[in-house]
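Working notes for the structure below.
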Protein chains: 4
Amino acid sequence: MQFNEQKSIYLQIADYICDKILDGTWPDGQRIPSIRDMAVQLEVNPNTVTRTYTMLLDEGTLQNKRGIGYFTGDDARRMVLEKRRNQFVEQDLPALFKTMVTLDIGVGQVGELYMKYLEEQNHEDK
Amino acid sequence: MQFNEQKSIYLQIADYICDKILDGTWPDGQRIPSIRDMAVQLEVNPNTVTRTYTMLLDEGTLQNKRGIGYFTGDDARRMVLEKRRNQFVEQDLPALFKTMVTLDIGVGQVGELYMKYLEEQNHEDK
Amino acid sequence: MQFNEQKSIYLQIADYICDKILDGTWPDGQRIPSIRDMAVQLEVNPNTVTRTYTMLLDEGTLQNKRGIGYFTGDDARRMVLEKRRNQFVEQDLPALFKTMVTLDIGVGQVGELYMKYLEEQNHEDK
Amino acid sequence: MQFNEQKSIYLQIADYICDKILDGTWPDGQRIPSIRDMAVQLEVNPNTVTRTYTMLLDEGTLQNKRGIGYFTGDDARRMVLEKRRNQFVEQDLPALFKTMVTLDIGVGQVGELYMKYLEEQNHEDK
DNA sequence: GTGGTCTAGACCACC
DNA sequence: GTGGTCTAGACCACA
């Protein structure tokens with residue numbers, strides 16, 4: 001996996017896991033790869049994965065059954081969705097709007113770029 | 001000046017300077033406060049300001065006359081504008097779009113929130 | 001390590017590292033000493049080494065794996081060679097030539113001095 | 001006048017003056033511009049010119065007649081020539097030779113570049 | 001363990 | 001006065 005340089009790796013792993021939960025790859029209560037497997041797969045240090053799992057455990061996004069492994073939480077999908085929605089509306093959007101004002105970029109232009117984006121995604125999926 | 005905890009101080013100072021350049025407070029080629037003055041004004045260590053100035057010097061946003069002081073670059077405003085625009089179009093927007101798709105939020109809703117944002121700004125300015 | 005007084009220490013450390021890369025001591029992609037180790041070894045402050053490493057990182061001569069350490073770049077040797085060659089051909093030689101003209105010293109004399117230099121080096125190596 | 005960023009301005013002014021002495025523009029004992037005039041002409045701070053003049057005064061390259069002005073020394077040309085020759089043979093050349101060895105550049109290549117250099121100079125002079 | 005950042009304070013060359 | 005460099009020491013996030 002390719003990691004962004006501007007964000008901690010353990011947080012990027014958390015995003016990766018939440019993506020899987022959101023898109024249905026890992027339904028609520030599903031077992032997820034062990035720390036060791038995940039570390040091998042993502043080519044990172046096991047300590048880094050541990051850090052991610054611990055954080056998501058504290059949030060309730062993951063649960064741990066001793067000696068068996070890690071599982072998604074029983075209400076994981078809803079929680080992730082809500083967390084992201086809050087983050088989006090309260091943090092990301094205001095910052096974005098501020099930039100739009102500074103750069104004098106209107107909603108119209110953003111809308112056009114969005115259409116272009118959706119098109120590109122479609123092409124890639126095919 | 002109040003600094004955000006999530007971003008390095010020296011980067012926030014850089015943003016602060018670029019804001020000044022963008023809004024016309026410091027036109028192209030204008031002298032800006034000396035390292036010491038800026039440090040006193042922002043209540044940070046001179047070394048931290050030095051770091052910011054050096055970075056912006058390397059970028060070309062600032063220039064430097066020995067023994068005299070730092071000045072905004074001869075083409076500073078355009079450079080900052082372009083830098084921010086690129087950042088917005090190539091980094092911020094794609095991230096936004098990805099989130100919109102994941103959270104199933106449409107352009108319409110974002111547009112409404114934008115209107116609300118502009119309104120709030122208006123109230124604050126009054 | 002002994003440092004020259006006429007040049008900044010951090011630049012001399014950079015030269016030192018580039019020498020190691022050029023002579024094959026540190027092949028491309030090789031891990032180099034940590035900032036702390038290098039600082040102890042060269043008897044300078046870690047901040048000074050940090051400054052060197054950061055500069056070479058920006059150039060691409062070094063690369064960096066978070067939490068692990070610094071490494072020579074994947075194409076470090078070629079880059080250093082080219083950088084030095086450019087410096088030589090575009091800066092050093094023209095300055096030399098200008099002086100030769102001013103002082104009315106011909107290629108022949110320089111050639112003789114070069115031979116003498118090579119001889120001396122030979123004696124020292126033995 | 002355009003100044004190099006890597007060398008102090010006052011030293012570059014000294015070089016400029018020595019060049020004038022060497023090429024005969026200012027013969028031995030000739031009056032040279034006042035500090036104020038030189039500063040205006042070179043677009044630098046008078047203090048900087050003062051520093052240059054003082055240094056050259058100490059060396060004997062310049063002399064000062066109180067209330068009248070600055071003059072080249074009575075033996076200025078020979079002194080400058082000797083100073084430069086020593087600098088060249090004892091400092092510049094060895095450094096250059098070392099680089100040549102490192103970069104594996106031979107006398108032959110340098111000779112060719114020298115011919116090219118002389119040619120370019122000829123074109124520029126015409 | 002690693003690097004990244006920040007502070008405090010000092011000295012220097014330079015304009 | 002200006003910036004450039006260096007030291008000392010500290011704290012933090014990260015792997």
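Basis for what follows: all heavy atoms, side chains included, without hydrogens, waters or symmetry-related copies. Proteins come first, then strands; the chains are lettered A, B, ... in the order of their sequence lines, and each starts at number 1. What you are looking at is a predicted structure, and each value in this text was computed from that prediction instead of being measured.
One interatomic measurement links the two molecules: CD of C:Q6 to P of E:dC12, which rounds to 17 Å at whole-angstrom precision. A straight line from CZ of B:F71 to C1' of F:dG3 spans 12 Å, rounded to a whole angstrom. Atoms CZ (B:R31) and P (F:dG1) sit 12 Å apart, rounded to a whole Å. Regarding C:I32, its CD1 atom lies at a distance of 13 Å from the C1' atom of E:dT2, rounded to whole Å. Distance CD (C:Q63) to P (E:dG3): 14 Å, rounded to an integer number of Å.
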Its contact letters, B for base, S for sugar-phosphate only and - for none at protein heavy atoms under 4.0 Å, make nucleotides 4-10 of chain E read SBBBBB-
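Applying the salt bridge (Lys or Arg N to Asp or Glu O under 4.0 Å) test to pairs two or more places apart or on separate chains, those with a residue in residues 48-71 of chain D are D:E59-D:K83. Among residues at least two apart or in separate chains, salt bridge (Lys or Arg N to Asp or Glu O under 4.0 Å) pairs with a member in residues 69-80 of chain C are C:D75-C:R78, C:R78-C:E82. The salt bridge (Lys or Arg N to Asp or Glu O under 4.0 Å) analysis of residues 25-45 of chain C, with sequence neighbours excluded, yields no pairs. Sorted by first and then second residue, the side chain to side chain donor-acceptor pair (under 3.5 Å) pairs involving residues 88-97 of chain C (not counting sequence neighbours) are C:Q87-C:D92.
A:P46 pairs by the side chain to side chain contact (heavy atoms under 4.5 Å, CB included) definition with A:I35, A:A39, not counting sequence neighbours. For A:P94, there are no side chain to side chain contact (heavy atoms under 4.5 Å, CB included) partners two or more places apart in sequence or in a different chain. With sequence neighbours excluded, the residues forming a ring pair (Phe, Tyr, Trp, His ring centres under 6.0 Å) with C:Y70 are C:Y53, listed by chain and number.
Remark: DNA chain E takes part in the stems E:1-14 with F:1-14, each of 3 or more antiparallel Watson-Crick or G-U pairs, criterion distances under 3.5 Å.
Residue D:W26 holds its CH2 atom at 9.0 Å from OG1 of D:T72, rounded to the nearest 0.5 Å.
Checking C:D37 against B:G67, the closest nucleotide of DNA chain E that is more toward the 5' end is the one next to C:D37.
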